[in-house]
Protein chains: 2
Amino acid sequence: MWTRSMAFTAGLRPSFLRHFLRIRNFSSKPEHAPFYSVCDIFRGNKNGNVNVKGWIKSVRKMKGAVFIDINDGSGPERLQIVIPKEMMTSNMGFGASLEACGHLAVNPNNQKELKADKIKVLGSCDATTDYPFAARKSYPDDYIRQFLHYRPRHSPFASVLRLRDAAMRGLHHILGEMDYICVSTPILTSNDCEGAGEVFSVQPHNKECLDAIRKHEMTLEEAYFNCEAFLTVSGQLQLEAAARGLGKVYTFGPVFRAENSKSRLHLSEFYMLEAETAFSDDIEEPMDLTERLVKGTAQKLVDSCINDLEYLGKINNCNLIERLNTIANGPAFPRMQYDEAAEILKQHESQFEVKVVIGENFKKEHELFLSNRSLQETGQSLIFITHWPAHTKAFYMKRNDSSQVKRV
Amino acid sequence: MWTRSMAFTAGLRPSFLRHFLRIRNFSSKPEHAPFYSVCDIFRGNKNGNVNVKGWIKSVRKMKGAVFIDINDGSGPERLQIVIPKEMMTSNMGFGASLEACGHLAVNPNNQKELKADKIKVLGSCDATTDYPFAARKSYPDDYIRQFLHYRPRHSPFASVLRLRDAAMRGLHHILGEMDYICVSTPILTSNDCEGAGEVFSVQPHNKECLDAIRKHEMTLEEAYFNCEAFLTVSGQLQLEAAARGLGKVYTFGPVFRAENSKSRLHLSEFYMLEAETAFSDDIEEPMDLTERLVKGTAQKLVDSCINDLEYLGKINNCNLIERLNTIANGPAFPRMQYDEAAEILKQHESQFEVKVVIGENFKKEHELFLSNRSLQETGQSLIFITHWPAHTKAFYMKRNDSSQVKRV
C-alpha cells in the first residue's frame, strides 16, 4: 500500500501525510493550497491560496458576481466567498455544504474574503421541502429546539457549545495546575448520596438476561448487580475516600436527579464539578479554590471565545465580555458570615415577598438582593456566605469550633 | 470580617491569602515556612524550612532518631522525616496522618529528607484492630480491592489513578490543539445506538413520583420521560449531528453495557473516546488522528508520570517507560488492508487454534499475531487494518468506492 510504505521508508510525520493526502484527493485544487478552518483564516495571518469547507449561510447575487457566506463550526465567523456568476449552480443554496479553493483577499470593507476559482457542492440542501429553516429568517429558540439534530448548526447554539467546551477546558486546566487529580467517580452506584430518594434506578433492559442470572430469593431489581443500582446524584462520597489517598481530587461528570419538577434547579442529567482535599482545616481554602476556578474559567472564556461572546451578547442585548472581565479581573469575591448577611437582609425586609427568618436558610430573592448589593458596593456580584446555622445543613458538613453550633 | 476586609482594602490575591492564612492556623510552625506537597519537594529545587502533610507508610526507630516515611498522594514518592526519639509519640504509626515542619536536607544516600522540629498527628490509625492492612506487608490486588475506600491509599492503585488522570488530560489537550470541540453527549437516551439490546433501562426510583406524573394509557416505564429511557452505549449518533454544525467534535464520557459476561471486553460502565469530523472523505484522516492521539497520550504519560511508571514497571517486572517511549517516538503505526492481513494469517495458520476464514472477522489470537509480527518487523506493535469486507461491518459504516463492496 503506497501510503503505508511511504510513511515507513521516509519516516514522515502524520501531519505532513495528512496535508499531502488531502491535496491528492481534490485534484482540481491549486497545488499545495493548504486547508484552513474559517476560524484559522480570521485568527492568523493566513494569505495566498487556501481551501475551505463549510455550510452556506447566505447567498447574494450581484451583477457580475455571487457572494456566498459560509461557516464551518470552528467559530461564529462567516467567510465570504466570491465567485463569478458563471460558476454558480442551482444547488448552491442556503444549508448546502461546499468546498472552495482560491485566493484570500481583503475587500473594501476591510474584511477577509475568498476569491474562489474552484467551488464544489459537497452536500446539497433542499430548503424548500425537507429543511425546517429558510435563508435570512431568524427563529425563536423554542422552534429550533424541536429539531435536536440541527441545533449545533444554529449560531447561538453552536456558540454555547463552544463556550461550554472552553469552560470545561478552563476547569480541568486550573485544577491540573494545582495538582488536583481528576477521578471519574462511579455513575452506577448502590448508595443514594444525598438521601433524598430522588434517584434513578437502573436495570438491564433484557429481561431474559436478568432471569438467567437471578439467584434464588433475589428480586429482579437486585439480579444484575447483586443489589439495587442507581444513577449517582453526587461523587462526593467516593471523592472523600479518594482524597484520603491521593490528597487533592475532583470529579466533573454527569449526575442525575429524578425530580418531578420543571424548574431550572435540577435537570434530570447535568454536569457538576466536585473537589475534595485531604488535610484542609481552613474554610478559606475551598473559597480560595472556588474563586480561582471561577475567575480562571471566566478568563479562559474571554481568551478563547471572544467572538462567540460578542455574538451572543449582541443577540441577547448585554455585554458578556464586560461581565466576564469583571469576574476575572475585578475585586476578590466578598466573604461574609451568615449573621452579617441576615442582618443586612433584615434591614431591607420590606422589599421581599418572603420574610427573612434569622437562623433559617435564605430564599432566592434574598440571595439575589445580597448579590446585587455586593455588585453596587464592591463591584463584584459573586459572594461567599459562611458560618450557617448547623441545623440548616447536612449531618456530614464540617462543624466549626466556635462556641455556637454552626458549620463552616 | 477580618479576612474579607483585608482582601478588599489591599486587593490581595487568593494565593497570597491562602498562604498567609495557613500560617496563622498552625501556630507552632516556624514563621513563613511554605507548605509543599511531597511531589513538589522532589521535583523542584525546594530548600530551607517547609511544612508537609501526609500518611505514614513506615516508621523505623534507630538509636537516637526516628525515621518516618510519608506519602501524600501527589506522586509515588515517599519523603523521609527524621525526628529525635523524644518527639515520637505512640500514635505515630503506620496509616496515621501527620503534619511535619522543619528543614529540608540531603542525607548520606543523596536523598532529600526533612529534619522536623515540629510534628503533629492529624489522624491516628489503629492498625492492630480497625485497619485491614499492616505495616511492611504487601497484599495481593484482590485483597486490596475488597476495601474499595482504601484503594487510593495503596501505591499501585494510586499510581494507576494518576496515570488515568494524565491520559485524560493528554486526550483533551491534543484534541483541543486541533480545535476539536468536546460535546457531552446525553447519557440518558431513548435510542439503542448499536441495536444489540444490551442497554440499561432507567426509571425514577420513587414510585409515587411515577404514579403522580403517569398519563392515561402510559406504562410506568414511559411515565417520566414520555418514553422508555436507557443509558447510552455510544454518543456516536449525537456526535454525527453535532459535527454537521460544529465541524470537529468528540466526546469522552461514560458509556454502559448490560452484558451477562465477566470478560474484559466490556465493563458495565466505562469511558470511551469518540470523535466525528464533517467533510472527511479520506480514510487516512481518522488514522492520522488516532495515531496522533495515541502517540501524544503516551508522551504525556512519560512526561508527567515518570515516577509512577517506574514504580509500576518495577512491581510488574516490565519496562513501561520504554514501551510508552516506543509508541510515542517509534515508527508510524503500520497501515494494512484486510486482504494483505488475511494473507499473512493464512500463511501462519498452523499456529492458530481457530482457523482463518478469508472474508470474515479476525479472532483475538489473529490480531495478537499481527501485532507481534508488526513489532518484530517494524518496531511498532500498534497497527491499522482497513478495507474490511462490508458484511462484517455495521450498516452505518462508510463504504469505499472501489468495485468490491468493502468498507473504509
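All chains are named by letter (A, B, ...) in the order of the sequence lines, taking the proteins before the strands, and each is independently numbered beginning at 1. Excluded from the calculations below are hydrogen atoms, water molecules and symmetry mates; all remaining heavy atoms, backbone and side chain alike, are included.
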Novice: Identify the two heavy atoms, one from A/His172 and one from B/Arg169, that lie closest to each other, and give their separation to 0.1 Å.
Specialist: O-NH1, 2.8 Å
Novice: Considering only heavy atoms, which portion of B/Phe256 lies under 4.5 Å from any heavy atom of chain A: side chain, backbone, both, or neither?
Specialist: side chain
Novice: Would a 4.5 Å heavy-atom cut-off, applied to side chains only, mark B/Arg244 and A/Trp55 as touching?
Specialist: yes
Novice: With chain B, which of A/Pro186, A/Ala278, A/Ala212, A/Gly253 has the greatest number of heavy-atom pairs at distances under 4.5 Å?
Specialist: A/Pro186
Novice: If you count heavy-atom pairs under 4.5 Å with chain B, which of A/Ser74, A/Ser304, A/Ser268 comes out on top?
Specialist: A/Ser268
Novice: Check whether any side-chain heavy atom of B/Leu188 lies under 4.5 Å from a side-chain heavy atom of A/Leu231, and answer yes or no.
Specialist: yes
Novice: Using non-hydrogen atoms and a 4.5 Å limit, figure out which bit of B/Leu148 sits close to chain A: side chain, backbone, both or neither.
Specialist: neither
Novice: Give the member of A/Gly176, A/Cys39, A/Gly123 that has the highest number of heavy-atom pairs under 4.5 Å with chain B.
Specialist: A/Gly176
Novice: Go through the atoms of B/Ala166 and report whether side chain, backbone, both or neither lie under 4.5 Å from a heavy atom of chain A.
Specialist: neither
Novice: Do other residues, nucleotides or ligands put more than 12 heavy atoms under 6.0 Å from the CD atom of A/Glu177?
Specialist: yes
Novice: Given heavy-atom pairs under 4.5 angstrom as the criterion, report whether the side chain, backbone, both or neither of B/Ser184 touches chain A.
Specialist: both
Novice: Could you tell me which non-hydrogen atom of A/Ser97 sits nearest to which non-hydrogen atom of B/Phe279, and how far apart they are?
Specialist: CB-CE2, 3.4 Å
Novice: Top residue by heavy-atom pair count (under 4.5 Å) with chain B, among A/Arg164, A/His173, A/Lys248?
Specialist: A/Arg164
Novice: Can you tell if the side chain of A/Val202 reaches within under 4.5 Å of the side chain of B/Ser201, non-hydrogen atoms only?
Specialist: no
Novice: With a 4.5 angstrom heavy-atom cut-off, which part of B/Tyr180 approaches chain A: side chain, backbone, both or neither?
Specialist: backbone
Novice: In terms of ring plane angle, is the pair B/Phe200 and A/Tyr224 parallel, tilted or perpendicular, where the classes change at 30° and 60°?
Specialist: perpendicular
Novice: I need the minimum non-hydrogen distance between B/Asp165 and A/Cys182, along with the two atoms involved.
Specialist: OD1-N, 2.7 Å
Novice: Against chain A, label B/Glu228 side chain, backbone, both or neither, depending on which of its atoms sit under 4.5 Å from a heavy atom there.
Specialist: side chain
Novice: What do the steps show when you test A/Asp179 against B/Arg162 for salt bridge (charged side-chain N to carboxylate O under 4.0 Å, His left out), and what is the final call?
Specialist: CA-CA 10 Å; A/Asp179 295 326; B/Arg162 282 187 295 265; over 6 Å; no
Novice: Report the distance from atom SG of B/Cys209 to atom CG of A/Asn260, rounding to the nearest 0.5 Å.
Specialist: 4.5 Å
Novice: On a heavy-atom basis, which atom in B/Gly73 and which in A/Ile181 lie closest, and how many Å separate them?
Specialist: O-CD1, 3.8 Å
Novice: Please classify the contact of A/Phe384 with chain B as side chain, backbone, both or neither, using a heavy-atom distance under 4.5 Å.
Specialist: neither
Novice: Check each atom of B/Ser155 against the heavy atoms of chain A and say whether the ones under 4.5 Å are side chain, backbone, both or neither.
Specialist: neither
Novice: If you count heavy-atom pairs within less than 4.5 Å of chain B, which of A/Pro152, A/Ala242, A/Ala241 leads?
Specialist: A/Pro152
Novice: Using non-hydrogen atoms only, which part of A/Tyr250 is less than 4.5 Å away from chain B: side chain, backbone, both, or neither?
Specialist: side chain
Novice: Using non-hydrogen atoms only, which part of A/Tyr271 is less than 4.5 Å away from chain B: side chain, backbone, both, or neither?
Specialist: side chain
Novice: Under 4.5 Å from any heavy atom of chain A, what part of B/Leu122 do you find: side chain, backbone, both or neither?
Specialist: side chain
Novice: Taking A/Asp72, A/Val249, A/Val183, A/Leu210 one by one, which has the highest count of heavy-atom pairs under 4.5 Å against chain B?
Specialist: A/Asp72
Novice: State the CD-CD distance between A/Gln203 and B/Glu221, to the nearest 0.5 angstrom.
Specialist: 9.0 Å
Novice: State, to 0.1 Å, how close B/Leu161 and A/Leu246 come at their nearest heavy-atom pair, and which atoms those are.
Specialist: CD1-CD1, 3.8 Å
Novice: Measure across B/Pro204 and A/Ala258 and return the closest heavy-atom pair with its distance rounded to 0.1 Å.
Specialist: CB-CB, 3.7 Å
Novice: Can you say whether B/Phe147 sits under 4.5 Å from chain A via the side chain, the backbone, both, or neither, judging by heavy atoms?
Specialist: neither
